[in-house]
Amino acid sequence: MLDIRLVRENPEMVKEASTLKRDPVDVDSILELDSQRRAIIAEADELKSERNAVSAEIPKRKKAGEPVEDIFERMREVGESISGLDDKLREIDEELSGLLLKAPNIPHESVPVGDESANQVVREWGKVTKPEFEVKPHWEIGESLGVLDLTAGAKISGSGFYVLKGAGARLQRALISFMLDIHASDGFTEIAPPFVVNSASMTGTGQLPKLADDMYHIDKDDLWLIPTGEVPVTNLHREEILASDTLPVSYAAYTPCFRREAGAAGKDTRGMIRVHQFDKVEMVKLVHPDSSYDELEVLVGQAEKVLQALEIPYRVLLLATGDLSFAASKTYDLELWSAGVANWLEISSISNFEDFQARRMNTRFRETKGKPQFVHTLNGSGLALARLIPAIMENYQTADGKINIPKALQPYMGGMIQIG
RNA sequence: GGUGGAGUGGCUGAGUGGUUGAAAGCGGCGGUCUUGAAAACCGUUGUACCGCAAGGUACCGUGGGUUCAAAUCCUACCUCCACCGCCA
């Protein structure tokens with residue numbers, strides 16, 4: 001959520017920034033509601049002040065045996081005025097916070113301006129080699145080796161669900177342990193959170209109110225299936241004031257992710273690439289505002305570490321303003337080349353949200369002296385399994401139609417060196 | 001799911017419908033003392049909003065209600081604890 005003071009003091013900046021994000025904010029309405037709100041508060045507070053003063057008089061009068069009926073009469077009217085103003089204030093507050101909750105975060109100054117085509121390749125790691133044989137896309141090699149079954153997924157759940165079998169299922173489990181071990185040894189605390197959360201949590205990280213249609217909702221209990229581990233893990237500290245020496249807080253969590261993917265269809269939806277349920281290891285950080293951009297670089301490095309350990313070539317992309325997600329100030333994507341879809345695939349997205357989520361969650365920290373301040377939050381995939389598994393199936397494919405197990409992963413596969 | 005009990009400041013814990021933002025203790029912070037520390041003693045110690053300021057307002061699980069006035073009464077909901085039922 002944007003700071004209302006920021007909107008009040010820099011309305012043009014907010015208008016421009018939201019336009020760059022292709023999500024223009026109705027700044028004028030916000031300002032109008034804001035000034036109405038303040039006027040009503042001033043009026044109501046004055047009446048309340050009067051009521052409090054008179055209330056203090058009543059017991060004294062009673063003690064002195066003086067009549068109080070006339071005061072009751074007047075205070076009844078004052079009370080009615082107050083509740084009228086309070087009702088109106090509630091309406092305005094609701095409307096105002098509705099607008100504010102739908103306003104996107106402001107891009108950081110270092111973010112390139114433009115649409116997707118303005119994304120910048122920051123660096124590349126490893127080199128994409130073209131093997132002499134024709135690499136089969138993961139859905140073909142996976143099906144032929146009996147480790148991936150898309151038909152079964154469609155049967156038991158529907159289109160957009162997959163089933164891993166045998167060494168495929170083991171591979172996924174191995175990757176989860178492998179990645180969590182890396183993060184844990186680098187100081188991340190492992191978290192096993194709920195996979196279903198309430199609306200307050202979804203609002204806290206910014207999925208609600210705008211992205212409701214992209215998520216699965218359980219009507220009966222008014223709960224949401226998490227679209228990413230970011231939601232439960234970041235919300236761990238909702239409505240809290242942390243001691244400053246607890247920062248930075250670093251978490252890593254394995255969770256499934258559920259996404260409705262309404263309207264998604266096309267070439268890159270084949271196989272495991274765009275599905276309704278996938279597994280992911282997510283990293284989350286809560287940090288001091290002064291260090292959040294340094295932490296962002298570190299977090300990108302942490303995600304890279306996994307790909308490097310697996311020896312899979314990738315590139316790091318700095319997203320342009322128009323490609324940034326709703327809550328992000330700055331985002332790097334890690335992409336790797338997929339022979340299957342002949343395209344770069346996003347395998348990780350690492351973002352700094354500054355205080356945008358913290359403000360929604362009311363997550364603050366206190367330094368030894370001074371007022372509580374909002375923390376900055378970051379998160380990044382480390383990594384998404386439904387992209388990583390295809391990457392391994394395609395990058396580690398052999399000419400005779402088998403899949404080698406990356407060396408670092410072999411201990412996690414009980415020593416297995418090849419599938420097939 | 002059923003029955004009973006409870007939800008007050010960082011924690012423990014008082015609180016009669018009317019200067020109670022809230023006693024007391026612990027903890028925290030600052031100080032005195034000390035070579036240093038501990039102990040002792042003194043002081044201080046919630047958050048948000050409105051306001052240029054002075055100052056004002058709100059908050060005692062959450063929402064609604066009664067009242068001139070609610071931490072205190074009523075009501076619904078939420079959470080926690082205990083027991084019963086069910087269960088991986």
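These numbers come from the heavy atoms of this one structure, side chains and all, not from hydrogens, waters or symmetry mates. Here is the naming used below: chain letters follow the sequence lines, and residue numbers restart at 1 for every chain.
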B:U66: pairing nucleotide in any strand, Watson-Crick or G-U under 3.5 angstrom: none

In whole Å, what separates the P atom of B:G43 from that of B:A48? 27 Å

Report the residues that fulfil side chain to side chain contact (heavy atoms under 4.5 Å, CB included) with A:Pro137, sequence neighbours left out, ordered by chain and then residue number. A:Trp139, A:Glu140, A:Glu394

Under a 3.5 Å cut-off for both contacts, is B:C77 paired Watson-Crick or G-U wobble with anything, and if yes, with which nucleotide? B:G61

What donor-acceptor contacts under 3.5 angstrom involve side-chain atoms of residues 407-420 of chain A, with partners at least two apart or in another chain?
from, atom 1, to, atom 2, distance (Å)
A:Gln410, NE2, A:Ile405, O, 3.0
A:Tyr412, OH, A:Asp181, OD2, 2.6
A:Gln418, NE2, A:Asn404, OD1, 2.9

Close N/O contacts between protein and nucleotides 16-22 of chain B (under 3.5 Å):
from, atom 1, to, atom 2, distance (Å)
B:G18, O6, A:Lys62, NZ, 2.5

Please state the P separation for the pair B:G5 and B:G56 - nearest whole angstrom. 42 Å

Cut-off 3.5 Å, no hydrogens considered: what does the side-chain donor-acceptor table look like for residues 153-160 of chain A, sequence neighbours left out?
none

Mind checking what makes side chain to side chain contact (heavy atoms under 4.5 Å, CB included) contact with A:Leu85, not counting sequence neighbours? A:Ile40, A:Glu43, A:Ala44, A:Leu47

In whole Å, measure the gap between the P atoms of B:U8 and B:C81 for me. 14 Å

If pairing requires Watson-Crick or G-U wobble contacts with both distances under 3.5 Å, which nucleotide is the partner of B:A82? B:U3

Same-atom distance (C1') from B:U57 to B:G51, integer angstrom: 11 Å

Using atom P of each nucleotide, how far apart are B:U62 and B:U79 to the nearest Å? 15 Å

With ring-ring contact (aromatic ring centres under 6.0 Å, His included) as the rule and sequence neighbours excluded, what pairs involving residues 70-112 of chain A come up? A:His108-A:Tyr293

Please enumerate all residues that pass side chain to side chain contact (heavy atoms under 4.5 Å, CB included) together with A:Leu20, with sequence neighbours excluded. A:Val113, A:Thr321

Quick one: does any side-chain atom of A:His183 pair with a main-chain N or O of A:Met283 as donor and acceptor, under 3.5 Å? no

Salt bridge check, A:Asp87 against A:Arg90: does any charged N sit closer than 4.0 Å to a carboxylate O? yes

Can you list every salt bridge (Lys or Arg N to Asp or Glu O under 4.0 Å) pair that touches residues 281-295 of chain A, not counting sequence neighbours? A:Lys280-A:Glu282, A:Lys285-A:Glu295

Would one find a side-chain N or O of A:Asn52 under 4.0 angstrom from OP1 or OP2 of B:G56? no

Between the protein and nucleotides 78-81 of chain B, list every N/O to N/O distance that falls short of 3.5 Å.
none

Applying a 4.0 Å non-hydrogen cut-off, can you work out what A:Arg366 is touching in the nucleic acid: base, sugar-phosphate, or nothing? sugar-phosphate

What nitrogen or oxygen pairs link the protein and nucleotides 48-52 of chain B at under 3.5 Å?
from, atom 1, to, atom 2, distance (Å)
B:A48, OP1, A:Arg364, NH1, 3.0
B:C49, OP1, A:Arg5, NH2, 3.4
B:C50, OP1, A:Arg37, NH1, 3.4
B:G51, OP1, A:Arg38, NH1, 3.1

Residues in salt bridge (charged side-chain N to carboxylate O under 4.0 Å, His left out) with A:Asp86, at least two apart? A:Lys48

For A:Ala39, give me all partners under side chain to side chain contact (heavy atoms under 4.5 Å, CB included), at least two apart in sequence or on another chain. none

